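Bear in mind the structure is a predicted one, so any value in this text is a computation, not a measurement.
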Amino acid sequence: MSEIDLKLRKRSDYGYFLSYRTRWSDNDQYSHMNNSIYYHLFDSIVNTYLIEQCSQDPATSPLIGLVVSSFCQFFSPLSFPQVLDLGLRITKLGKSSVSYEIGVFTEGKDSPAAVGGYTHVFVGSKDRKSTAIGQKTRDGLAKLL
């Protein structure tokens, strides 16, 4: 999807939300949220969803998701002390992989300040070989397609 299309995203395009209160340490020397923090936010919402909705326990699940690609498009700056709403959607669900898209919204706004995401390939937690997504996880992910 092009940057222009992503900029047109709205809250209603996302099926799951997580709130995030920015911290002073999220800001960089230019007084806006550092680029690396966006990826922290992406990990937070994806893993919260996997734990809450897909029966994934990072410590004990036989399958884990490894990030194989990622992206972020920035549209407007964010900074402490803003409260953010993170929206999650699934853009592709394959046999052993899933692609996520995350909208980063300022609390109360309908247009995103940033849109990004990544692709997980599920692998065995011990052997790291690509493995089909388990049915409980697949069912949870399918809710956001």
Side-chain angles (χ1 to χ4, degrees), residues 1-30 32-80 82-107 111-145:
M1 178 166 285
S2 74
E3 180 179 341
I4 294 169
D5 293 331
L6 291 175
K7 194 172 186 174
L8 298 176
R9 290 282 193 234
K10 301 291 181 209
R11 283 178 180 271
S12 59
D13 293 320
Y14 300 91
Y16 177 81
F17 284 86
L18 185 67
S19 181
Y20 178 79
R21 181 169 297 281
T22 58
R23 306 164 300 166
W24 176 255
S25 62
D26 292 339
N27 286 358
D28 63 17
Q29 65 202 32
Y30 306 112
H32 66 268
M33 198 162 71
N34 189 282
N35 295 344
S36 65
I37 300 301
Y38 289 85
Y39 287 92
H40 165 81
L41 300 178
F42 299 168
D43 274 347
S44 294
I45 189 169
V46 167
N47 286 297
T48 298
Y49 188 83
L50 288 170
I51 291 164
E52 290 180 354
Q53 304 294 319
C54 300
S55 301
Q56 286 288 115
D57 179 347
T60 62
S61 292
L63 299 181
I64 59 171
L66 298 181
V67 175
V68 296
S69 67
S70 63
F71 73 96
C72 189
Q73 298 291 320
F74 304 97
F75 306 123
S76 60
L78 299 170
S79 64
F80 175 83
Q82 289 176 300
V83 175
L84 308 178
D85 293 324
L86 311 175
L88 179 66
R89 63 185 279 161
I90 303 298
T91 59
K92 183 180 178 190
L93 182 57
K95 181 180 175 186
S96 63
S97 66
V98 58
S99 295
Y100 309 96
E101 182 185 292
I102 297 97
V104 181
F105 298 87
T106 302
E107 186 179 47
S111 296
V115 174
Y118 57 80
T119 298
H120 262 160
V121 171
F122 281 84
V123 300
S125 62
K126 298 207 184 329
D127 66 11
R128 299 295 202 257
K129 291 185 180 178
S130 179
T131 306
I133 297 171
Q135 195 58 50
K136 279 186 179 180
T137 302
R138 178 174 294 286
D139 290 345
L141 294 169
K143 294 176 188 177
L144 295 181
L145 271 172

Q: Tell me yes or no: between the side chains of Thr131 and Ser96, is some donor less than 3.5 Å from an acceptor?
A: no

(Q) If we count only N and O atoms by modelled type, under 3.5 Å, do the side chains of Tyr49 and Gln56 hold a donor and an acceptor together? (A) no

**Q.** Cys54 side, atom SG; Asp139 side, atom CG - distance, nearest 0.5 Å
**A.** 9.0 Å

Q. Any side-chain donor-acceptor pair under 3.5 Å between Ser97 and Thr119?
A. no

Q | Arg138 versus Ile133, closest heavy-atom pair with distance | A | N-CG2, 3.6 Å

**Q.** Rounded distance [0.5 Å steps], CD in Gln53 versus NZ in Lys136
**A.** 13.0 Å

Q) Hey, does Leu78 have a side-chain heavy atom less than 4.5 Å from the side chain of Leu84? A) yes

Q: To the nearest 0.5 angstrom, please state how far the CZ atom of Arg9 sits from the CZ atom of Phe75.
A: 9.5 Å

Q | Enclosure of Lys10 NZ (heavy-atom neighbours >12, cutoff 6.0 Å) | A | yes

Q. Taking atom types as modelled and ignoring hydrogens, do the side chains of Asp85 and Tyr20 form a donor-acceptor contact shorter than 3.5 angstrom?
A. no

Q | Beyond-backbone contact of His120 with Ile64, side-chain heavy atoms, under 4.5 angstrom | A | no

Q.
Does any part of the side chain of Asn47, heavy atoms only, come nearer than 4.5 Å to the side chain of Pro58, both counted from C-beta?
A. no

Q. For the atom pair CG (Leu41) and CD1 (Ile102), what is the distance rounded to the nearest 0.5 Å?
A. 9.0 Å

Q) Which atom pair, heavy atoms only, marks the closest approach of Val83 to Ser19? A) CG1-OG, 3.7 Å

**Q.** Nearest heavy-atom neighbours spanning Ala114 and Tyr38
**A.** CB-CE2, 3.7 Å

Q) How about Arg21: does its CZ atom have over 12 heavy atoms from other parts shown lying under 6.0 Å from it? A) no

**Q.** Presence of salt bridge, Arg23 and Asp26, under 4.0 angstrom
**A.** yes

Q | Option passing ring pair (Phe, Tyr, Trp, His ring centres under 6.0 Å) with Tyr100 (candidates Phe42, Phe71, Tyr16, Tyr118) | A | Tyr118

